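A quick write-up on the structure given underneath.
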Amino acid sequence: GIQELESRFLVPGDLLILTGNKVQMPCDAILIDGSCVVDEGMLTGESIPVTKTPLPKMESSMPWKTQSEADYKRHVLFCGTEVIQAKGACSGTVRAVVLQTGFNTAKGDLVRSILYPKPMNFKLYRDAIRFLLCLVGTATIGMIYTLCVYVLNGEPPEEVVKKALDVITIAVPPALPAALTTGIIYAQKRLKKRGIFCISPQRINVCGQLNLVCFDKTGTLTRDGLDLWGAVPCDRSGFQEVHSFVSGRSLPWGPLCAAMASCHSLILLDGTIQGDPLDLKMFEATTWEMAVSGDDFHIKGVPAHAMVVKPCKTASQVPVEGIAILHLFPFSSALQRMTVIVQEMGGDRLAFMKGAPERVASFCQPETVPTSFVSELQIYTTQGFRVIALAYKKLETDHHTTAFTRDKVEADLIFLGLLILENRLKEETKPVLEELISARIRTVMITGDNLQTAITVARKSGMVSESQQVILIEANEITGSSSASISWKLVEEKSIAHSNQDNYINIKEEVSDHGREGSYHFALSGKSFQVISQHFSSLLPKILINGTIFARMSPGQKSSLVEEFQKLDYFVGMCGDGANDCGALKMAHVGISLSEQEASVASPFTSKTPNIECVPHLIKEGRAALVTSFCMFKYMALYSMIQYVGVLLLYWETNSLSNYQFLFQDLAITTLIGVTMNLNGAYPKLVPFRPAGRLISPPLLLSVILNLLLSLAMHIAGFILVQRQPWYSMEMHSACTVQNESISKLTISPTAPEKIGSNGAFTSFENTTIWFLGTINCIIVALIFSKGKPFRQPIYKNYIFVLVLVIQLGVCLFILFADIPELYRRLDLLCTPLLWRVYITIMLSSNFIVSLVVEVSALRLLITVEAIIENQALWTTFKRGFGYQSKSQYRIWQRALADDPSWPPLNQTSSSDMPECGSGVSYSNPVFESNEEKL
Ligand SMILES: Nc1ncnc2c1ncn2[C@@H]1O[C@H](COP(=O)(O)OP(=O)(O)OP(=O)(O)O)[C@@H](O)[C@H]1O
């Protein structure tokens with residue numbers, strides 16, 4: 001019987017009956033009866049509703065996934081998704097069997113992947129730990145020193161232990177790990193303002209390292225809402241004249257018109273037609289209407305609630321009253337087609353197929369496909385049009401629709417013609433791609449569309465410049481006795497006869513070749529990619545180094561391509577919009593989904609602005625975040641080292657800094673600096689080199705070490721010099737009694753200064769000198785270490801930080817020069833003669849000047865090294881000069897290929913020697929092979 005239960009009681013195997021609309025699925029369930037329209041945006045980021053069909057009934061004990069004729073996901077209602085519409089079949093009910101519950105569901109999988117994300121293996125964090133260990137090492141040395149000094153001075157044991165432990169907290173600042181995340185927090189805030197949301201903030205740093213970005217084509221580079229440009233009907237004599245939709249003229253009645261009206265998965269939701277934009281445009285071009293058969297509108301032989309399409313009253317003479325869509329075999333990217341079974345009212349039962357032209361043609365009776373199919377297709381694809389083919393066949397009426405399997409329906413079809421859709425570039429596409437290319441970031445297109453269309457779009461978008469060549473790689477599977485083969489063909493640029501210039505951004509516009517690597521690009525299809533991966537795996541890296549256009553890629557192939565790029569040590573970004581990009585978005589280092597949702601779980605980043613402008617923004621912010629992390633890290637490390645050096649020097653006299661002195665340095669100086677230092681945003685221009693991805697990089701270490709040595713020298717000089725002053729050790733009754741006395745009057749006594757007149761146990765001239773030197777040194781270091789250009793806005797634009805520094809410096813100088821006994825007493829300071837205060841100021845100023853020089857040269861070194869690594873021409877000079885080699889796989893391959901005169905092979909075909917083992921290639925190139933040995 002039927003029971004109403006709370007969803008938590010569901011267990012796998014339960015039978016669910018879905019009633020009504022807008023149901024949130026509490027579990028994963030297989031649809032066995034009826035059909036549903038589901039919003040899967042939560043899982044995939046895709047805003048278009050998806051139609052789910054029941055699992056076909058089969059008399060077999062095979063696992064259900066293998067029984068599914070196509071994409072098994074088309075029969076599964078996933079947990080967390082919303083069923084917008086549930087339509088019963090003949091029995092009138094929509095039934096599903098519970099497959100998984102709780103954490104075993106697709107939603108559970110997602111939650112798990114958010115809780116335990118894929119380890120990023122980003123060197124930054126590993127280096128941070130090493131850096132921390134170094135600081136711990138330094139602290140240990142300090143502890144041993146403290147033990148020795150205090151024990152030799154006969155201090156009580158608890159004092160010795162206390163002082164020794166103090167050294168650890170000074171040398172290893174507890175806020176150090178937090179410092180690494182400041183950049184990320186600020187960048188995340190700024191990204192949010194731009195409508196870019198992030199569910200995995202630690203990846204923001206990775207964005208700063210991206211050097212290859214893959215783009216999906218339709219909906220990402222080109223506009224989603226395609227305009228129907230025309231239809232090319234065909235009959236036995238071949239293709240007919242193009243019917244243009246531009247004039248608003250609808251297609252005359254015929255099977256092609258019927259196909260356009262009924263072969264789609266559109267739904268009627270609250271009176272509006274919704275679904276795939278392609279389907280929508282096609283249906284709108286027919287000017288037909290959509291309705292649902294019901295009690296007031298019943299058609300004989302058609303189940304209630306079936307979708308019906310009818311010619312509108314104003315439509316040209318149509319002999320049928322309407323067409324009922326009886327069954328749908330939905331579209332899937334992997335299949336590249338969809339099929340419907342329809343019933344013409346008072347007419348025939350028909351099947352219509354729509355999909356990628358090559359796919360559709362392969363299901364048609366060969367004699368119905370015009371001989372000029374390939375050339376006709378090429379006419380449109382070379383112009384960058386998106387082409388869809390349609391086909392149909394008559395079905396027997398005496399069978400029930402459920403008796404037809406997809407295999408049976410999708411066979412022996414009659415080819416109907418082509419639909420030509422405009423594929424306009426988004427306005428932002430070309431400038432963004434140019435920006436990325438000139439910043440030496442590789443751009444790659446991975447699309448499900450036709451190869452020729454993809455090549456044309458790549459040219460028009462500037463991904464491939466006019467002066468660069470496209471080499472088509474075609475690889476074929478083993479057929480019969482012949483082994484797998486691979487051929488290389490130069491794509492010749494034909495003058496476009498039917499060019500429709502209005503459709504595109506001006507293609508004549510000059511594209512700057514600055515920053516382009518290589519003068520050729522490889523283009524290949526998903527099928528060839530698959531064959532190359534299996535049979536020519538040794539060629540794959542060489543192809544990927546210059547592979548730019550990947551067409552007819554299934555969702556699975558998209559993600560394996562991203563993985564292959566990662567194997568070559570590229571930092572890969574993927575920007576896509578649809579459900580077919582989900583895998584690749586998750587696989588990439590940085591997945592950016594263009595989705596209306598605020599934060600789609602389908603990828604770490606989601607951009608609400610539906611164009612690729614978000615990509616350079618993200619890279620800029622990532623770079624700024626990386627630089628911020630480094631600046632903070634350097635500052636925190638140096639600030640703790642300054643305190644460490646000062647305290648160890650004071651320990652020599654069994655003295656230290658007082659609590660208020662520590663507090664002033666920690667709170668008034670470092671905390672304020674830490675909070676404001678990184679408020680400056682990313683630099684608006686994307687420069688052609690990346691910031692160092694590692695903390696332990698020579699320029700960074702050099703800068704820290706040199707600055708540390710400078711501070712050390714200054715502190716030691718201050719410490720020793722103060723003891724040599726004629727007034728040192730004079731009897732002090734009040735902190736500022738010497739103010740007006742002449743130094744010559746002061747007597748020199750060999751004893752240590754007395755601390756009468758001050759309430760602290762810490763007051764001494766050394767303490768006062770070290771404290772002033774340390775505190776102002778912290779301010780100097782903050783200024784020196786704040787990096788602006790080329791990755792962040794200049795420092796002077798960070799007004800709050802500049803103000804904080806000015807106030808801090810002002811306060812410190814005020815304390816140094818103003819004689820306020822109460823303040824001095826509270827801070828455990830001693831008054832020193834004015835001349836000594838001037839000396840302190842001179843020491844600090846010299847430190848500032850030398851640090852500035854050191855830092856600027858360290859920065860120069862950093863930029864030069866980065867530029868050399870990123871610049872191919874300079875690279876060779878550098879390599880020859882210093883014998884330096886980048887360890888990145890793709891660099892190694894690039895160098896090998898640059899030295900190989902016979903690469904790329906052109907107009908050749910080679911075959912795989914060992915088809916079974918799939919690793920050998922008969923293509924041999926002695927120069928190349930010998931190069932390979934060297935690697
Ligand atoms: N609604 C549809 N009905 C039938 N065929 C379709 C439909 N949408 C796309 N196709 C065909 O299937 C092919 C693959 O589609 P898919 O969605 O994987 O990629 P795409 O939209 O062409 O491009 P991209 O991967 O760049 O988004 C398309 O090129 C087209 O020929």
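Computed from a prediction, not measured in an experiment: that's the story for all the values here. In each ligand, atom 1 is the first atom listed, and ligand 1 is the first ligand listed.
- Among all non-hydrogen protein atoms, the one lying nearest atom 14 (C) of ligand 1 is G448 O, 3.4 Å.
- Taking 4.0 Å as the cut-off, H264 does not count as a neighbour of ligand 1 on heavy-atom distance.
- Only the side chain of K558 comes within contact range of ligand 1, with a heavy atom under 4.0 Å; no backbone atom does.
- Remark: minimum distance from atom 3 (N) of ligand 1 to any protein heavy atom is reached at K354 NZ, 2.9 Å.
- With a 4.0 Å cut-off on non-hydrogen atoms, D449 touches ligand 1 through its backbone as well as its side chain.
- Here I388 has side-chain heavy atoms under 4.0 Å from ligand 1, and that is the only part of it that gets that close.
- Among I473, I446, L524, the one residue that satisfies the side-chain contact (heavy atoms from CB on, under 4.5 Å) test with F529 is L524.
- Side-chain atoms of T81 and E40 form no donor-acceptor pair, as typed in the model, at a separation below 3.5 Å.
- Donor-acceptor pairing under 3.5 Å is recorded for the side chains of T218 and R386.
- At a heavy-atom cutoff of 4.0 Å, ligand 1 is contacted by no atom of D581, backbone or side chain.
- When non-hydrogen atoms are compared, ligand 1 lies under 4.0 Å from neither the backbone nor the side chain of M553.
- Looking at atom 28 (C) of ligand 1, its nearest protein heavy atom turns out to be R552 NH1, 3.8 Å.
- In this structure, the protein non-hydrogen atom closest to atom 18 (O) of ligand 1 is S333 OG, 2.9 Å.
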